[in-house]
Amino acid sequence: MSELHEPLLAWYDAHARDLPWRGDGATPWSVMVSEFMLQQTPVTRVEPVHRLWMETWPTPADLAAAPSGEAVRAWGRLGYPRRALRLHAAATAIVERYAGEVPSSYDDLRALPGVGDYTAAAIATFGYGRRHAVLDTNVRRVLARLVSGVELPPVAATAGEKRLAESLLPHDEGDAATWSIALMELGALVCTAARPRCEACPVVGECAWRAAGYPAYDGPPRKGQTWAGTDRQVRGRLMAVVREAEGAVPKPRLDRAWDDDTQRDRALASLLTDGLLVETPDGYALPG
DNA sequence: AAACCGTGGCG
DNA sequence: TCGCCAAGGTT
């Protein structure tokens with residue numbers, strides 16, 4: 001089609017990582033599990049957890065039959081444990097609405113808990129070979145550089161980016177899926193946020209950012225997430241204690257996880273509200 | 001729609 | 001060292 005497709009597809013064929021949710025062994029469910037885990041978490045940390053998860057719960061029905069707390073425990077230290085809860089809820093919905101089969105349409109997927117625009121497009125595309133624009137942080141950055149000639153995409157995804165991604169999508173369904181995963185892989189391995197490896201880029205000759213002389217990002221400041229001292233840190237501490245415990249954790253033991261009483265209790269209350277913890281006669285535990 | 005939600009690796 | 005960032009979603 002364009003001067004972009006052939007070199008990128010060839011590059012992907014030669015350089016794609018061999019990941020458990022790709023290739024012959026992959027199922028729509030394994031793709032779906034990977035997409036949940038990969039929301040804001042790097043591939044290297046997802047891989048081992050994904051393998052164990054698929055051994056434990058090979059189908060949505062297997063996960064739905066387990067207590068949600070088991071999903072949270074198996075989630076381990078991937079971060080954002082609400083994703084584990086949402087994946088469990090999504091599996092339950094799949095059993096109830098679709099007889100245990102991961103749906104293949106974007107709209108059905110999009111209606112599941114924890115599935116937003118990106119994840120719905122990704123599951124439909126990589127799980128079923130459907131043709132959708134898959135606009136993740138990698139694709140947004142690659143297109144910003146390659147086509148728009150800027151270092152970084154806008155802070156929030158725009159309709160223009162969506163239109164651009166759709167306009168570049170190969171017409172053939174199979175090619176479209178490979179094109180999208182190739183764009184993502186290029187962003188992950190070569191066209192990285194910091195220190196892009198342009199010398200290894202298969203489409204460097206077409207790159208608008210390079211042609212413009214690599215102008216630095218000049219948009220609105222991108223807010224970094226604060227961490228130290230936030231409720232998120234406290235929640236993480238509390239969850240780590242309960243996750244690593246056998247059964248319920250007595251309140252005094254949780255109290256040791258954070259000094260500030262007010263903040264600790266607020267964090268604990270929010271975990272209960274989220275359903276990540278439950279209160280029992282013996283203390284606090286993962287939901288049964 | 002801006003803020004919130006974990007965790008760890010890297011330069 | 002420490003800020004940045006990693007296949008986002010929800011409210």
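Below, read A as the first sequence line, B as the second, and so on, with proteins coming before strands; counting in each chain starts at 1.
- Nucleotides C/dA7 and B/dA2 have their C1' atoms positioned 23 Å apart, rounded to a whole Å.
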Considering only nitrogen or oxygen atoms on both sides, find all protein atoms under 3.5 Å from nucleotides 5-9 of chain B and state each distance.
{"residue": "B/dC5", "atom": "O4'", "partner": "A/Arg82", "partner atom": "NH2", "Å": "2.8"}
{"residue": "B/dC5", "atom": "O3'", "partner": "A/Arg235", "partner atom": "NH2", "Å": "3.4"}
{"residue": "B/dC5", "atom": "N3", "partner": "A/Tyr80", "partner atom": "OH", "Å": "3.4"}
{"residue": "B/dC5", "atom": "N4", "partner": "A/Gln225", "partner atom": "NE2", "Å": "2.6"}
{"residue": "B/dG6", "atom": "OP2", "partner": "A/Arg235", "partner atom": "NE", "Å": "2.3"}
{"residue": "B/dG6", "atom": "OP2", "partner": "A/Arg235", "partner atom": "NH2", "Å": "3.3"}
{"residue": "B/dG6", "atom": "O4'", "partner": "A/Tyr80", "partner atom": "N", "Å": "2.7"}
{"residue": "B/dG6", "atom": "N7", "partner": "A/Tyr80", "partner atom": "OH", "Å": "3.2"}
{"residue": "B/dG6", "atom": "N7", "partner": "A/Arg232", "partner atom": "NH2", "Å": "3.1"}
{"residue": "B/dG6", "atom": "O6", "partner": "A/Tyr80", "partner atom": "OH", "Å": "3.1"}
{"residue": "B/dG6", "atom": "N1", "partner": "A/Gln40", "partner atom": "O", "Å": "3.3"}
{"residue": "B/dG6", "atom": "N2", "partner": "A/Gln40", "partner atom": "O", "Å": "3.2"}
{"residue": "B/dG6", "atom": "N2", "partner": "A/Thr41", "partner atom": "OG1", "Å": "2.8"}
{"residue": "B/dG6", "atom": "N2", "partner": "A/Leu78", "partner atom": "O", "Å": "3.0"}
{"residue": "B/dT7", "atom": "OP1", "partner": "A/Arg243", "partner atom": "NH2", "Å": "2.9"}
{"residue": "B/dT7", "atom": "O2", "partner": "A/Arg45", "partner atom": "NH1", "Å": "2.8"}
{"residue": "B/dT7", "atom": "O2", "partner": "A/Arg45", "partner atom": "NH2", "Å": "3.4"}
{"residue": "B/dG8", "atom": "OP1", "partner": "A/Arg77", "partner atom": "NE", "Å": "2.2"}
{"residue": "B/dG8", "atom": "OP1", "partner": "A/Arg77", "partner atom": "NH2", "Å": "3.4"}
{"residue": "B/dG8", "atom": "OP2", "partner": "A/Arg77", "partner atom": "NH2", "Å": "3.1"}
{"residue": "B/dG8", "atom": "O4'", "partner": "A/Arg45", "partner atom": "NH1", "Å": "3.4"}

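- Using a 4.0 Å cut-off between charged nitrogen and carboxylate oxygen, A/Asp260 and A/Arg264 do not count as a salt-bridge pair.
- Nucleotides C/dT1 and B/dG6 place their P atoms 26 Å apart, quoted to the nearest Å.
- When rounded to the nearest whole Å, the span between CZ of A/Arg141 and C1' of C/dA7 equals 11 Å.
- Heavy-atom distances under 4.0 Å link DNA chain C to no residue of residues 253-261 of chain A.
- Separation of the P atoms belonging to C/dC2 and B/dC5 is 23 Å when rounded to the nearest angstrom.
- In this structure, CG in A/Leu268 is found 6.0 Å from CG in A/Leu254, a value given to the nearest 0.5 Å.
- Comment: A/Glu55 does not engage A/Arg51 in a salt bridge, judged by the lack of any side-chain N to carboxylate O separation of less than 4.0 angstrom.
- Note: CD (A/Glu35) to P (C/dA6) measures 16 Å, nearest angstrom.
- Between A/Leu143 and A/Leu164, the closest heavy-atom pair is CB-CD2, 4.0 Å.
- Nucleotides C/dA6 and B/dA1 have their C1' atoms positioned 23 Å apart, rounded to a whole Å.
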Below 3.5 Å is the cut-off: list the nitrogen or oxygen pairs between protein and nucleotides 1-3 of chain C, distance only.
none

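- Annotation: proximity of residues 126-140 of chain A to DNA chain C (heavy atom, distance under 4.0 Å) is found for A/Asp136, A/Thr137, A/Asn138, numbered in ascending order.
- Scanning for ring pair (Phe, Tyr, Trp, His ring centres under 6.0 Å) contacts around A/Trp11 gives A/His15, with sequence neighbours left out.
- With the nearest nucleotide of DNA chain C identified for both A/Asp117 and A/Lys223, A/Lys223 has the one nearer the 5' end.
- Side chains of A/Thr178 and A/Asp175: a donor-acceptor N/O pair is absent below 3.5 angstrom, by distance only.
- Here C/dC5 presents its P atom at 10 Å from OH of A/Tyr217, a figure rounded to the nearest Å.
- Among residues at least two apart or in separate chains, there is no salt bridge (Lys or Arg N to Asp or Glu O under 4.0 Å) pair with a member in residues 186-212 of chain A.
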Using the rule given for salt bridge (charged side-chain N to carboxylate O under 4.0 Å, His left out), can you reason through A/Glu244 versus A/Arg77, listing the C-alpha separation, both sets of side-chain angles and the distance that settles it, and then say yes or no? CA-CA 11 Å; A/Glu244 286 145 28; A/Arg77 307 186 66 81; 3.6 Å; yes
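- A/Trp21 meets the ring pair (Phe, Tyr, Trp, His ring centres under 6.0 Å) test with A/His50; sequence neighbours excluded.
- Here salt bridge (Lys or Arg N to Asp or Glu O under 4.0 Å) pairs that include residues 125-139 of chain A, with residues two or more places apart or in two chains, number zero.
- Residue A/Ala84 comes nearest to A/Val72 through the heavy atom pair CB-CA, 4.0 Å, listed as atom of the first residue, atom of the second, then distance.
- Taking atom CG of residue A/Leu152 and atom C1' of nucleotide C/dA6, one finds them 14 Å apart after rounding to whole Å.
- Residue-level contact check: A/Thr119 touches the backbone only, with heavy atoms under 4.0 Å from sugar-phosphate atoms and none from bases.
- Between the A/Trp75 side chain and the A/Gly79 main chain, a donor and an acceptor come within less than 3.5 Å of each other.
- Listed here is the closest heavy atom pair of A/Leu168 and A/His5: O-NE2, 2.7 Å.
- Atom OH in A/Tyr118 sits roughly 13 Å away from atom C1' in C/dG9 (whole-Å rounding).
- A salt bridge does not link A/Lys162 to A/Asp117: none of the charged nitrogens lies less than 4.0 Å from a carboxylate oxygen.
- Within the structure, ring-ring contact (aromatic ring centres under 6.0 Å, His included) pairs that include any residue of residues 209-253 of chain A comprise A/Trp209-A/Tyr214 (at least two apart or interchain).
- Ion pairing of A/Arg83 with A/Glu35 is absent here, as no side-chain N (NZ or NE/NH1/NH2) approaches a carboxylate O to less than 4.0 Å.
- A heavy atom lying under 4.0 Å from DNA chain C marks the following residues of residues 184-204 of chain A, by number: A/Met184, A/Ala188, A/Ala193.
- In summary, A/Arg22 and A/Glu185 engage in a salt bridge, as defined by a charged side-chain N under 4.0 Å from a carboxylate O.
- In this structure the side chain of A/Tyr12 never reaches within 4.5 angstrom of the side chain of A/Pro202, judged on heavy atoms.
- DNA chain B is contacted by no residue of residues 12-29 of chain A, taking any non-hydrogen atom closer than 4.0 Å.
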Which donor-acceptor pairs under 3.5 Å do the side chains of residues 86-103 of chain A make with protein atoms, sequence neighbours left out?
{"residue": "A/His88", "atom": "NE2", "partner": "A/Leu63", "partner atom": "O", "Å": "3.4"}
{"residue": "A/His88", "atom": "NE2", "partner": "A/Ala66", "partner atom": "O", "Å": "2.7"}
{"residue": "A/Thr92", "atom": "OG1", "partner": "A/His88", "partner atom": "O", "Å": "3.0"}

